[in-house]
Number of protein chains: 2
Amino acid sequence: MTDDSTNQENARKWTIYDIAREAGVSTNTVSKVFNRKSGVGPETRKRIEEIIQRVGFAPHIGARGLRAKQNACIGVSVPAPFDVAPVSQSFLLWMFALLYRVFSVHGEYICFDLSPFTARGEVDYARGIFEQLFKACVLVGPLALDDKRIHQVHKSGIPYMVLGRLDALPECSSAAVDYVTGAYLSTQYLLRRGHTRIAMLKAFQGYQPGIERLRGYGRALEEAGLPVDKSLIHNVKFGAKNVTSVVEDMLQDRSVTALIESSATEDGASVREGLRRAGRQPGRDIEIVSWTYKENASVLREEAAHLWLPVREAAEEGIGRLADWIYGRQNGPIQVLYQPVLRETAGEEEIEKPRRLFETLE
Amino acid sequence: MTDDSTNQENARKWTIYDIAREAGVSTNTVSKVFNRKSGVGPETRKRIEEIIQRVGFAPHIGARGLRAKQNACIGVSVPAPFDVAPVSQSFLLWMFALLYRVFSVHGEYICFDLSPFTARGEVDYARGIFEQLFKACVLVGPLALDDKRIHQVHKSGIPYMVLGRLDALPECSSAAVDYVTGAYLSTQYLLRRGHTRIAMLKAFQGYQPGIERLRGYGRALEEAGLPVDKSLIHNVKFGAKNVTSVVEDMLQDRSVTALIESSATEDGASVREGLRRAGRQPGRDIEIVSWTYKENASVLREEAAHLWLPVREAAEEGIGRLADWIYGRQNGPIQVLYQPVLRETAGEEEIEKPRRLFETLE
DNA sequence: CTGTTAGCGCGTTCAA
DNA sequence: TTGAACGCGCTAACAG
């Protein structure tokens with residue numbers, strides 16, 4: 001819908017057929033000239049190039065893709081609803097800058113799929129692939145344990161990369177951090193310091209990173225000959241502001257002397273408030289290991305140690321490999337797995353309270 | 001290029017023809033079912049819907065667009081090279097959040113054109129329109145004074161919006177701030193305070209916002225019966241870190257007693273350093289009006305006044321109007337023009353040093 | 001070196 | 001209610 005001033009003198013879209021008629025040649029020849037292919041005489045080529053230039057011809061990208069079986073864009077899609085996906089503003093921006101660095105030299109279109117998630121996380125995050133708009137796709141964030149769509153993405157043959165693994169599809173193209181080892185290291189550290197009742201604050205209920213945490217936690221306890229007490233494990237969601245109350249609740253049990261803060265909210269202030277409300281004092285009656293995406297940074301000054309999850313680093317390598325896959329320099333699928341690093345906290349700066357992916361959603 | 005494991009069992013892409021054969025009907029019928037059109041018997045419809053569901057059919061977006069003349073994405077493109085376009089990280093992120101808010105309910109694809117600019121700013125920022133990938137387009141940032149492409153964009157008839165005006169195309173669809181008035185108000189303010197030798201630090205050489213600054217500046221001087229001394233006007237680029245040295249240079253002339261800092265770099269620290277090197281002391285031998293995109297914030301504590309450019313506010317209204325245009329609730333083109341506001345500085349917080357659009361480019 | 005022809009997958013027209 | 005045929009704009013195979 002346009003008003004008269006724009007409607008009446010709409011520029012006619014030139015097609016390859018128009019150019020051919022103008023130049024007195026066939027469409028085939030025009031196509032060859034435009035795509036810089038051989039088999040056209042120099043003066044014919046020049047004449048056609050001039051017309052293309054003059055009328056500002058640009059081929060219809062849909063028709064071109066239809067015929068040549070090449071899709072138009074590099075896709076970016078988020079497989080999880082926002083309340084489970086901890087995609088921070090800074091991460092998103094960082095990712096965009098990375099995509100820019102890698103793909104702008106190729107003149108790519110970077111296409112974000114804004115297909116809206118319902119409360120049940122039901123929207124198809126992969127439609128850009130199956131509608132054949134995406135020539136490749138980055139899936140930002142974790143997959144649900146019962147995700148089925150990813151199997152089809154995998155079989156589609158287009159280059160893709162998930163920032164996260166999936167048990168149900170071990171050959172999945174991914175760049176991730178090993179959360180099993182992360183939970184294992186965190187638990188083992190606290191066991192060695194004499195704790196036997198170790199609570200865990202975790203996120204990603206129903207998603208792969210959640211199950212990985214449980215697995216590593218269980219493995220360390222098993223090695224120490226201790227049972228897993230499910231009442232020690234508590235979940236938080238990213239949307240709900242309940243870190244404080246969950247921490248308060250879980251520490252009512254005075255037998256609990258240690259806490260693994262693996263919610264990845266990086267929300268030190270809320271944890272601190274929960275500790276205060278529970279009447280706990282870190283270093284005296286509680287020891288904490290907290291998880292962070294930032295190297296050499298603590299979530300909480302009072303923590304005993306922190307675990308660094310090199311998600312950015314894994315993603316960076318993954319994007320590079322994805323580009324290699326797209327441009328035929330290397331085969332897929334991608335298998336990048338970075339190991340987390342546990343480090344005792346000693347004067348590192350605290351992370352500022354992170355902000356959600358889209359402020360406006362709250 | 002894929003390795004064997006993915007190659008061998010690539011899922012066959014189902015076409016509307018495959019579905020038709022499977023259901024024992026014609027493609028026409030399948031098309032009607034998929035697009036929820038009438039003229040199909042209920043049991044036929046149901047049978048086809050089940051097949052579509054089972055095989056996960058998704059239509060080829062290119063073929064669909066080709067036939068139905070509907071393009072796939074909302075495009076975002078930056079018409080100016082990065083050294084002249086002051087698109088900050090935070091602005092980009094803010095813009096993305098806004099696009100999310102407006103377009104996610106419609107399930108749109110948001111497509112950024114990463115076509116790389118040469119040093120001469122030569123790449124076509126509008127290719128997504130003419131390749132018929134974009135159904136609408138947001139052009140982020142100013143246009144060059146001699147821009148020709150925008151005329152074709154305008155005539156193409158697709159909804160578009162530029163964050164900036166253009167003299168050469170007054171009917172251009174735009175959401176902008178009136179820099180002429182901004183420069184006029186700034187100059188008039190300093191004239192009233194008794195200054196006659198007013199220097200101007202500006203950006204956007206060769207771009208519309210640059211010429212608007214000169215026009216407003218000249219108009220105020222003319223009204224005061226003063227001549228324009230071109231030696232008082234200095235340009236900076238965003239890429240080069242030369243704010244400091246330009247400020248130092250321009251204030252060597254001791255007859256200059258006032259400065260309009262309209263570079264829009266919001267780089268208070270560099271200005272301060274330039275003042276120091278020139279041996280100037282704000283409030284004693286120099287008075288400054290600085291321009292900012294943030295309301296109620298100063299670029300420099302020592303400035304006499306600041307001019308707020310409500311670019312975000314204009315853009316927000318513009319995006320809303322663009323959506324109205326796209327979805328037929330309103331006609332285009334868009335004409336949004338916000339007025340800047342001059343305010344004497346009194347204890348506002350200073351803006352932190354902003355960061356460039358893409359850190360990695362420097 | 002150049003033209004003819006076919007067909008990519010879809011939606012639409014027209015006929016049955 | 002359904003199907004056959006056509007064409008959107010382009011590229012590729014083949015023929016001259």
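Given the structure is predicted, the values throughout are model-derived calculations rather than measurements. To find a chain, count down the sequence lines: A is the first, B the second, and so on, and within it residues start at 1.
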Any [X] side-chain nitrogen or oxygen under 4.0 Å from OP1 or OP2 of [N]:
X	N	result
B:K69	C:dG11	no
B:K37	C:dT12	yes
B:T44	D:dT2	yes
A:T15	D:dC8	no
B:T29	D:dG3	yes

Between A:H154 and A:Y160, how do the two ring planes meet: parallel, tilted or perpendicular, split at 30° and 60°?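 A:H154 vs A:Y160 ring planes: perpendicular.
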A:F96 vs A:F112 aromatic rings, parallel, tilted or perpendicular, using cut-offs 30° and 60°?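 Plane angle between 30° and 60°, so tilted.
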Across the strands shown, which category fits A:G41 at heavy-atom distances under 4.0 angstrom: base, sugar-phosphate, nothing?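 Answer is sugar-phosphate: A:G41 comes under 4.0 Å of backbone atoms only.
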More 5' along DNA chain D: B:G24 or A:P59, using each one's nearest nucleotide? B:G24
The side chain of [X] is closest to which nucleotide in this list: [options]?
X	options	result
B:A63	C:dG11, C:dG9, D:dT11	C:dG9
A:T27	D:dA5, C:dT5, D:dG3	C:dT5
A:R64	D:dG9, D:dG3, D:dC10	D:dC10

Regarding C:dG9, can its base be found pairing with the side chain of B:R67 as donor and acceptor, where the two atoms are less than 3.5 Å apart?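 There is none.
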Whole angstrom is fine here: how far is it from [atom1] in [X] over to [atom2] in [N]?
X	N	atom1	atom2	value
B:I48	C:dG11	CD1	P	13 Å
B:L66	C:dG9	CG	P	12 Å
A:I19	D:dT11	CD1	C1'	16 Å
A:N35	D:dG9	CG	P	17 Å
B:Y17	D:dA4	OH	C1'	11 Å
A:F34	C:dT2	CZ	P	19 Å
B:I61	C:dC10	CD1	P	12 Å
A:K32	C:dT4	NZ	P	13 Å

Do other residues, nucleotides or ligands put more than 12 heavy atoms under 6.0 Å from B:Q53 CD?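 Open.
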pair B:L99-B:E108: side-chain heavy atoms closer than 4.5 Å: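 Side chain of B:L99 against side chain of B:E108, heavy atoms only: no contact under 4.5 Å found.
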Test item: B:R47 and B:V25 side chains (from C-beta on) under 4.5 Å apart, heavy atoms: yes
Quick one: on DNA chain C, does B:H60 or B:N28 contact a more 5' nucleotide (nearest heavy atom)? B:H60
